[in-house]
Amino acid sequence: MDPNRPHTYHPEENLHRITLYSTVAREHQHMSLKKRLYLHLDMNCFYAQVEQHAHNLYGFPVAMGGWHKEDGTPRGIVATASYEARALGIKTAMNAYEAWQICPWILFFQIDYDKYKGISRQLYDLLETAAPEVEGYSMDEYFLDVTHLLSRSRDGIESFARRLKEEIYRTLGLVCSIGVATSKTYAKLASDLEKPDGCTLVLSSDDVAQRLFPLQLDEVWGIGSRRYRKLRGQGIETIADAFRAGPAPFRSLFGSMQGQLFHEIVTGQDRARVLDHRHHVPDEVSYMHTFSDWSVDLSQVWGEVARAIRTVCYRLRAYRRKARKWLFHIRYQDVEWNGIHHLCATDGFTFLDDYLIGAAQEDLMRLLKQSVRNGYRIRGIGLRTVEMQPVDQADLFFQESEELRRLYRATDLINNTFGTGTIDRAASKEGVPGRTHFTERS
């Protein structure tokens with residue numbers, strides 16, 4: 001056992017964001033120019049579909065994340081919704097009460113992470129029988145390297161994809177959408193074109209022109225809203241525009257190396273490898289929790305801060321990353337959902353809770369006390385990393401306590417083996433009472 005990675009970490013556990021979108025980095029690509037074939041599989045509305053199947057509710061509008069108060073009033077936020085609910089206008093991140101006003105007969109379920117994790121493992125085992133390399137990109141998304149299918153005809157490739165869909169439905173009772181393409185990026189885009197229960201092949205230049213050229217560039221991973229605005233300023237809005245413009249504008253906007261990579265990604269020229277979960281490292285690690293109701297009890301609110309620190313630092317250890325700058329967000333209960341931000345820095349790069357608590361506690365408690373004195377009620381806590389680096393990158397001016405590192409390695413080993421929270425900091429047991437999206441916190 002690697003002493004730095006005690007058994008299996010679960011960095012995405014209890015996250016509302018279940019899909020990790022990140023740019024295909026150079027170090028994650030094949031060096032050779034050999035042509036490859038990728039299959040991307042997306043379990044449509046995974047959480048909601050599992051509940052529909054478990055409770056025989058196909059055809060009913062289902063929303064994940066909400067619950068009802070004792071008087072019947074819906075509370076919480078919609079984490080995701082079934083296609084039946086989406087057709088009525090119910091969207092992710094919508095207030096549960098607003099969703100209920102749109103559809104009074106909508107069925108709310110809290111997120112049962114252990115149930116979905118178990119089904120996801122069954123799915124992974126099934127996919128491993130279909131391809132030599134399988135990447136669990138998230139709990140409900142998978143990439144398969146199906147280069148062995150290149151010698152087959154188009155009909156043969158489609159037949160393989162459809163048989164895989166049928167086997168998943170026969171085994172799990174769930175439907176999925178599949179995209180097959182010669183780049184990982186395009187396979188993911190293709191699977192989004194026909195939902196739910198679709199199967200889309202993008203194998204030729206004609207397929208690309210017909211199916212992908214009209215897509216806006218912000219639908220491609222790595223091209224977020226800010227980069228898209230810059231590209232639009234150069235008259236580059238769609239994949240077709242990117243082909244016509246060539247790499248020069250991308251290099252000018254984002255630098256020679258990064259710009260070239262972005263152009264390769266949006267034009268389907270990336271040569272990404274199918275990776276395992278250890279390579280999925282986000283650009284930042286974040287946590288946000290909105291309480292069921294507001295609180296002015298500072299011990300409860302600090303308990304939520306401690307829980308945020310515990311979660312973010314645990315995920316950093318899972319990703320083998322450390323951070324030095326951290327941004328806290330205190331969210332108020334008011335009409336505009338305003339709040340305040342607090343940026344703090346630890347003495348050096350760390351992934352241990354104690355150092356962040358020591359750096360943040362005094363100033364955060366002062367801000368919390370000041371907010372309550374000013375009449376604000378606290379409704380949520382957020383935390384994200386601002387500056388990260390790999391754990392094996394040396395920090396010349398700071399060294400974590402080896403005794404403390406050993407303590408966290410032992411704690412992680414026990415929690416990873418017997419369940420999150422088996423050993424926990426006393427402060428994080430306080431917290432603001434109430435329900436959440438997840439069954440285990442309710």
Side-chain angles (χ1 to χ4, degrees), residues 2-15 281-282 284-289 291 298-330 341-368 378 380-393 395 397-432 436 438 440-441:
D2 182 345
N4 292 314
R5 296 187 59 76
H7 280 250
T8 304
Y9 280 91
H10 307 289
E12 300 302 309
E13 186 165 344
N14 286 358
L15 290 186
V281 180
E284 66 178 40
V285 176
S286 62
Y287 171 94
M288 182 70 202
H289 176 52
F291 313 150
L298 294 183
S299 64
Q300 290 180 354
V301 176
W302 179 254
E304 296 292 347
V305 173
R307 186 173 286 158
I309 292 173
R310 179 200 68 188
T311 303
V312 169
C313 288
Y314 170 85
R315 293 180 61 210
L316 284 171
R317 296 193 293 275
Y319 291 130
R320 294 183 58 77
R321 293 294 186 270
K322 293 183 177 183
R324 187 173 67 91
K325 292 182 181 179
W326 319 73
L327 185 66
F328 288 89
H329 177 58
I330 301 171
H341 291 86
H342 173 63
L343 180 67
C344 79
T346 43
D347 291 336
F349 286 92
T350 184
F351 54 18
L352 303 182
D353 310 24
D354 290 62
Y355 291 104
L356 180 51
I357 289 172
Q361 186 167 13
E362 183 177 345
D363 286 340
L364 269 181
M365 286 301 294
R366 176 179 54 80
L367 291 171
L368 288 169
I378 312 302
I381 290 293
L383 169 62
R384 70 177 178 89
T385 59
V386 177
E387 184 180 359
M388 294 197 310
Q389 71 175 26
V391 295
D392 52 7
Q393 187 169 328
D395 191 334
F397 305 104
F398 174 76
Q399 187 70 39
E400 293 170 330
S401 161
E402 182 56 33
E403 183 179 358
L404 200 57
R405 286 171 61 92
R406 287 198 298 268
L407 173 64
Y408 276 96
R409 282 199 293 268
T411 300
D412 287 347
L413 174 59
I414 293 171
N415 286 333
N416 291 341
T417 304
F418 298 103
T420 304
T422 302
I423 296 181
D424 202 357
R425 187 178 296 273
S428 65
K429 294 298 184 182
E430 287 285 336
V432 178
T436 75
F438 298 97
E440 59 268 29
R441 273 200 67 180

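Atom CD of Gln389 sits in a crowded spot, with more than 12 heavy atoms from other residues, nucleotides or ligands closer than 6.0 Å. In Glu362, the CD atom is not crowded: 12 or fewer heavy atoms of neighbouring residues, nucleotides or ligands sit closer than 6.0 Å.
Residue Arg307 holds its CZ atom at 6.0 Å from CZ of Arg310, rounded to the nearest 0.5 Å. The line from CZ of Arg320 to CD of Gln393 is 13.0 Å long, rounded to the nearest 0.5 Å. Taking CG from Leu407 and CG from Leu352, the interatomic distance works out to 9.0 Å, rounded to the nearest 0.5 Å. Atom OH of Tyr287 sits about 9.5 Å away from atom CG of Leu383, to the nearest 0.5 Å. Separation of atoms CD1 (Ile330) and CZ (Phe328) is listed at 9.0 Å; rounding is to 0.5 Å. Here the CZ atom belonging to Phe351 is positioned 5.0 Å from the NZ atom belonging to Lys322, to the nearest 0.5 angstrom.
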Exercise. Go through the steps for Trp302 and Gln361 under the test side-chain contact (heavy atoms from CB on, under 4.5 Å), then give the verdict.
Key: CA-CA 9 Å; Trp302 179 254; Gln361 186 167 13; 3.6 Å; yes
Exercise. Decide salt bridge (charged side-chain N to carboxylate O under 4.0 Å, His left out) for Asp363 and Arg366; before the verdict, give the C-alpha distance in whole Å, the side-chain angles of both, and the deciding distance to 0.1 Å.
Key: CA-CA 5 Å; Asp363 286 340; Arg366 176 179 54 80; 3.7 Å; yes
Practice problem: Carefully, step by step, assess Met388 and Val285 under the rule side-chain contact (heavy atoms from CB on, under 4.5 Å). | Solution: CA-CA 9 Å; Met388 294 197 310; Val285 176; 3.9 Å; yes
Exercise. Please lay out, stage by stage, how Thr411 and Tyr314 fare under the test side-chain contact (heavy atoms from CB on, under 4.5 Å).
Key: CA-CA 10 Å; Thr411 300; Tyr314 170 85; over 6 Å; no
Quiz prompt | Stepwise salt bridge (charged side-chain N to carboxylate O under 4.0 Å, His left out) test for Glu403 and Arg406 | solution = CA-CA 5 Å; Glu403 183 179 358; Arg406 287 198 298 268; 5.6 Å; no
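Taking each heavy atom of Phe291 and Gly380 in turn, the nearest pair found is CE1-N, 3.6 Å. Of all heavy-atom pairs between Ile423 and Asn415, the closest is N-OD1, 2.8 Å. Minimum heavy-atom separation, Arg384 to Ser286: CB-CB, 3.6 Å. When all heavy atoms of Cys313 and Leu356 are compared, the closest pair comes out as SG-CD2, 4.4 Å. A pairwise comparison of heavy atoms in Ile381 and Ala308 identifies CG2-CB, 4.2 Å as the closest pair. The minimum heavy-atom distance linking His329 with His341 is given by the pair ND1-NE2, 3.3 Å.
Judged by distance alone, with hydrogens and angles left aside, the side-chain atoms of Thr385 form no donor-acceptor pair with the main-chain N or O of Trp326 at under 3.5 Å.
Asp347 pairs by the side-chain contact (heavy atoms from CB on, under 4.5 Å) definition with Phe398, not counting sequence neighbours. Partners of Ala359 under the side-chain contact (heavy atoms from CB on, under 4.5 Å) rule, at least two apart in sequence or in another chain, are Thr346.
A salt bridge does not link Arg315 with Glu284: every distance from a Lys NZ or Arg NE/NH1/NH2 to an Asp or Glu carboxylate oxygen is 4.0 Å or more.
Residue pairs meeting the side-chain hydrogen bond (donor to acceptor under 3.5 Å, both in side chains) criterion with at least one member in residues 350-359, sequence neighbours excluded, are Arg317-Asp353, Thr350-Glu400, Asp354-Tyr408, Asp354-Arg425.
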